[in-house]
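One structure below.
Model, not experiment: these values are computed from the prediction.
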Amino acid sequence: MNLRDLEYFHSLCNTKSFTKTAEALYVSQPSITMSLHRLEKELNAKLIIRDHSKKALSLTEAGIVFEKRAQNILYQMNEAKLEISKINSNKLKLGIPPIIGAYFFPIYIEDLLKEGFAECIEFVETGSLAMKELLLTGKVDISLIGSLSPITDETLDSVILKKDEFMLCVSKKHSLSKSKKINFKNLENEQFIVLGNSYIHNKVFEDLCIKNDIAPKKIYYTNEIQTAKSLIASGLGIGILISMAVSKRTEIKAIPLLNPIDFYISLTTKRDHYMTSKENSIRELIINKSK
């Protein structure tokens, strides 16, 4: 049994067509037929039933069982290729959400440079909500992820590096700037500056609106954290941001919410991801620096 036969069979199961499979894999249709015959002979079982009158095919019970195994074998082989190519390239793809990259990750730069790791890192930037998919598909090796609670996903290994808090951010000139704490329910008449869908901040804002049954009359959206802070500082609107993002902006007042919302920053890897020695060293450096 060879991998090419498994690839042909897997594609045949997806397309349900010998012609489409041959076209997709750039081979002749007889090649697909011969490949199927080899598998059926080796397994001593019929895998596919062809209905020539309807030009359709279906899997036998043995075919259904074998397709699951074939898919797993092809997945594991692809993972092995990625891991080996990663060892050869000596590169690490590190995922960093924009806000975490700007206001948290810089504390590690000096140590990474000192240990000679910085030149091995290729940064991949996107919001925390999109980062999980990049981890699961192997497009990043390790990632910092922001979440509203400790990550408990069984497919991921995570270590909490820092805990922060979402705050209501207003201009120092805003009437709310004197408040000690804010009840979100009382903000329906305010204009809001809200970050885009790739930010977890967007979900926090939407959840607060739903939970408090309010519909703000005016919302300004932006995908840039610096733009959001500038608009808040100018007094155009108020916003929900994590504390570290505005800690150095003297023209912005960060006010705790009456019902606090935590923000966790975790160092995360895919559970079955193969860690090279360099990746392990970088991971340990970041974890130890955060203690």
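Ion pairing between Arg4 and Glu7 holds under the 4.0 Å rule for side-chain N and carboxylate O.
Under the 6.0 Å cut-off for aromatic ring centres, Phe9 and Phe66 qualify, their centroids lying closer than that.
Inter-residue side-chain proximity for Leu176 and Ile182 is flagged as met; some heavy-atom pair is nearer than 4.5 Å. For the pair Ile240/Phe184, a side-chain contact is recorded, criterion being any heavy-atom separation below 4.5 Å from C-beta on. The side-chain heavy atoms of Leu241 and Tyr199, taken from C-beta on, include no pair separated by under 4.5 Å.
Inspection of the Thr268 and Ser143 side chains reveals no N or O donor paired with an N or O acceptor under 3.5 Å. No hydrogens or angles considered: a donor-acceptor pair under 3.5 Å links the side chains of His174 and Glu190.
Within a 6.0 Å radius of CG in Asp272, more than 12 heavy atoms belonging to other residues, nucleotides or ligands are found. The local environment of CG in Asn72 is crowded, with over 12 non-hydrogen atoms from other residues, nucleotides or ligands closer than 6.0 Å.
Annotation: cation-pi pair Arg50/Phe18 present, NZ/CZ under 6.0 Å from the ring centroid and within 45° of its normal.
Remark: side-chain polar atoms of Thr60 are paired, donor with acceptor, to backbone N or O of Lys46 under 3.5 angstrom.
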N/O donor-acceptor pairs under 3.5 Å from side chains in residues 106-123, not counting sequence neighbours:
residue, atom, partner, partner atom, Å
Tyr108, OH, Ser290, OG, 2.4
Asp111, OD2, Lys289, NZ, 3.3

